[in-house]
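Letters A, B, ... are given to chains in the order of the sequence lines, protein chains preceding strands, and every chain is numbered from 1.
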Number of protein chains: 2
Amino acid sequence: MATTIKDIAKMAGVSAATVSRVLANKEGFFGSSTAKKVREAAAKLGYRKNTSATELVTRKSHDLAVIVNATKTNFSNHIIDGIQAAAFPKDLNVIILYAGDFDAERQRRAINTAVNRSVMGILLLSVEVNDDNLDLLKSAQIPFCFLSISETDESLPFITSDDEEVGYLATKYLYQQGHRNIGIAGINYKNAITGELRLHGYKRALKEFKLQENPDWISAGDYSYESGELAMSTYGRNTKLTGIIAGSDMAAIGIMNQARSLGLSVPDDISIVAIDGTELCEIVQPQLTSVSQSFYEMGTLGVDWLLNKDKKVTKTITPIKVIERQSVKRLTGKNSF
Amino acid sequence: MATTIKDIAKMAGVSAATVSRVLANKEGFFGSSTAKKVREAAAKLGYRKNTSATELVTRKSHDLAVIVNATKTNFSNHIIDGIQAAAFPKDLNVIILYAGDFDAERQRRAINTAVNRSVMGILLLSVEVNDDNLDLLKSAQIPFCFLSISETDESLPFITSDDEEVGYLATKYLYQQGHRNIGIAGINYKNAITGELRLHGYKRALKEFKLQENPDWISAGDYSYESGELAMSTYGRNTKLTGIIAGSDMAAIGIMNQARSLGLSVPDDISIVAIDGTELCEIVQPQLTSVSQSFYEMGTLGVDWLLNKDKKVTKTITPIKVIERQSVKRLTGKNSF
DNA sequence: AAAAGCATTGTAAACGTTTGCGTAAAATGT
DNA sequence: ACATTTTACGCAAACGTTTACAATGCTTTT
């Protein structure tokens, strides 16, 4: 039904091999007059290359799979933008697959589709894989790289912010603004390395600045709006906290809105610094001061890494910085010392 | 290199055909003892099916392509969630392809990858295709359907809200709340049907309620935050407007923030109703009253449509409703009559 | 006990492309 | 004028599956 190179061959009066060479632009393997005939025939017949056949024989793909979890945060788009931007000039098609949130089965299926199609590389966007799926990933001989997530296993390649530093920097910033009672909320430090590291950085800063660590001020969550809300209502109206670090922009907004519900004003009564720094920080009022990550860059570096032959470096760190907006108040006087 | 069905056949002492049948679970075509042998061998060898080969011979795919434009709005996720939910039980893999914003070339490439892979169907998420790309889409014998966008061409299948009604309903709601000077902003009515229809609904409502139409109150845009901001600053501090319809949630937020910058309070000085009704409406303060669309449902209906054999119905309308939150003030007294 | 049906398996062709090899003609060198 | 290289192209195998058809041995029916 669909036209094949044989149809073109017949119409152009050449062999299928020649058609293939012309259409693949194998320079120097065909004459210009035949080339024209072939191309005209192809156009006339509305030829469409069959990717399956090509991939079957060449055993390689021009597709790059991105597996994202249906996350409640919203920076994925930025990373994907970066990936697209880097992939486009290299003529790579980016295909995006959703893995459920922490649904192992959906995750497995996503990895499987990527692997069975023998894509040229797999980028995993803030997805935590379980051991089975990791094996699956490894057993296929396809390069893969985690993005926006830290791994402890030194052999696993990943590109992300220095998460320990993220936690440290946020804390330090609040400290420098005069805050002494600093909480952290909405991060998952229970079974995810990224969260652990951030918490660790937070604690390191506390120690360095000789601030007391209060377990009640550390509130676990899943980076969602709701976990921000929840944390803030647990802290309560009369909290001693003057500054809170939020695991994500969404969590920060949850905190802020809940604070407001409690009759607390941001930043006058309570300061917030968000981790991520997406556009959400700017559309909300007051705008959120953030420790901003380089999401776009994670994307571009991700495809660079896949394209790079010698996969020696496994850990790549992208820059972070605090962007001052309006959600942190500078404390002076007795509050600060 | 990678293990094939033949390797399994050898190890299990059967033919490749049998292996194929077992692995594809063609019930009634193999004995249970051979089945076990085959499956064990497959597991031991770490067999992974080659999708290209399968698709080549069967000429069909279990993949469903979703083409989304890198939109500045944010409801795509909801539609995609719906698609995933409907596709999962049918064992369809959803692969998502980004087309640039209005970049015809990127669009072409996205369509091409989908078509060349002969996916079983294509869903286009609020993407407007040009004529060439439409031809491309049609010439492939693959069912496709537009989501979250209206089409005039009766032969093109699409699933979306009744856009004319969206505009009408938003206007009517504001009217019922006592507003008489109603503007509309951030929608693209210049070269997109969706926007045209909404504007038309708006005008119809004005006419029905005998309100005057003022060209200055109709502000074109692209549904973005920025276009909301811009519209509001053009309206200015001393606008006669009491109510504004925003093309999207993001646009609504842009309007709201800009209004605030001008010293106007929402909803006391100016009311806003957003079109879309995503979670953004709820995280912002005041929360945005919206004409909410059924995005999730568009997704599920989309895959239903693709799966449906007789593709007779080309136009499917999903429900809309206004969700009252906090951004619209009820006007009484002299303002309203 | 022959005929017919069924369950199970194998054989081989087909899907549409790429590419190593071979070859004829044309171009180049001597 | 002959040897050599280059250019342009065809032939045919290969990629890993699926599946129509045939073949085998059983079981059931009559």
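The stretch residues 31-39 of chain B touches DNA chain C through Gly31(B), Thr34(B), each having a heavy atom under 4.0 angstrom from the strand.
For the helix from dA1(C)-dT30(D) to dT30(C)-dA1(D), the terminal axes (five pairs an end, C1' atoms, rotation from four pairs onto the next four) enclose an angle of 30°, given to 10 degrees.
Going from atom CD1 of Ile8(B) over to atom P of dT18(D) covers 11 Å, rounded to whole Å. Atom-to-atom, NZ of Lys60(B) to C1' of dT17(D) comes out at 14 Å; the value is rounded to the nearest Å. Residue Phe30(A) contributes atom CZ, which lies 13 Å from atom P of dG10(D) at whole-angstrom precision. Counting to the nearest Å, the C1' atom of dT17(D) and the CZ atom of Arg59(B) are 13 Å from each other. Phe29(B) has its CZ atom 10 Å from the P atom of dA7(C), to the nearest Å. With rounding to whole Å, Asn116(B) atom CG is found 12 Å from dG16(C) atom C1'. In this structure, Leu56(B) places its CG atom 14 Å from P of dA14(C), rounding to the nearest Å. The distance from atom CG of Asn50(A) to atom P of dT17(C) is 6 Å, rounded to the nearest whole Å.
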Could you run down the sub-3.5 Å N/O contacts of the protein with nucleotides 23-29 of chain D?
none

Can you tabulate the close N/O pairs, meaning under 3.5 Å, that link protein atoms to atoms of nucleotides 18-22 of chain C?
| from | atom 1 | to | atom 2 | distance (Å) |
| --- | --- | --- | --- | --- |
| dT18(C) | OP1 | Lys49(A) | NZ | 3.2 |
| dT18(C) | OP2 | Ser20(A) | OG | 2.4 |
| dT19(C) | OP2 | Lys26(A) | NZ | 3.4 |
| dG20(C) | O6 | Arg21(A) | NH1 | 3.4 |

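Two residues are said to be in side-chain contact when any heavy atoms from C-beta on lie closer than 4.5 Å; Leu125(A) and Ile80(A) meet this criterion. Side-chain contact between Val66(B) and Val94(B) is present, with heavy atoms from C-beta onward closer than 4.5 Å.
Screening residues 293-302 of chain B for side chain to side chain donor-acceptor pair (under 3.5 Å), with sequence neighbours left out, gives Ser161(B)-Gln293(B), Asp276(B)-Gln293(B). Applying the side chain to side chain donor-acceptor pair (under 3.5 Å) rule to pairs touching residues 132-155 of chain A yields Gln107(A)-Asn133(A), Asn130(A)-Asn133(A), Ser139(A)-Arg48(B), Ser150(A)-Asp163(A), Asp153(A)-Ser155(A), sequence neighbours excluded. Applying the side chain to side chain donor-acceptor pair (under 3.5 Å) test to residues at least two apart or on different chains, the pairs with a partner in residues 17-32 of chain A are Ser15(A)-Thr18(A).
Glu105(B) is linked by a side chain to side chain contact (heavy atoms under 4.5 Å, CB included) to Phe88(A), Asp103(B), Arg108(B), Arg109(B), counting only residues two or more places apart in sequence or in another chain. Residues passing the side-chain hydrogen bond (donor to acceptor under 3.5 Å, both in side chains) test with Thr194(B), sequence neighbours excluded: none. Partners of Ala12(A) under the side chain to side chain contact (heavy atoms under 4.5 Å, CB included) rule, at least two apart in sequence or in another chain, are Val14(A), Lys37(A), Val38(A), Ala41(A). Residues satisfying the side chain to side chain contact (heavy atoms under 4.5 Å, CB included) criterion with Asn188(A), sequence neighbours excluded, are Lys190(A), Asn191(A), Ala192(A), Tyr223(A). The side chain to side chain contact (heavy atoms under 4.5 Å, CB included) search around Ile317(A) returns Asp162(A), Lys315(A), not counting sequence neighbours.
Across all their heavy atoms, Ile5(A) and Ala16(A) have their closest contact at CD1-O, 3.9 Å. When all heavy atoms are compared, the tightest approach of Phe146(A) to Val129(A) is CZ-CG2, 3.9 Å. Residue Asn69(B) comes nearest to Ser126(B) through the heavy atom pair ND2-O, 3.1 Å, listed as atom of the first residue, atom of the second, then distance.
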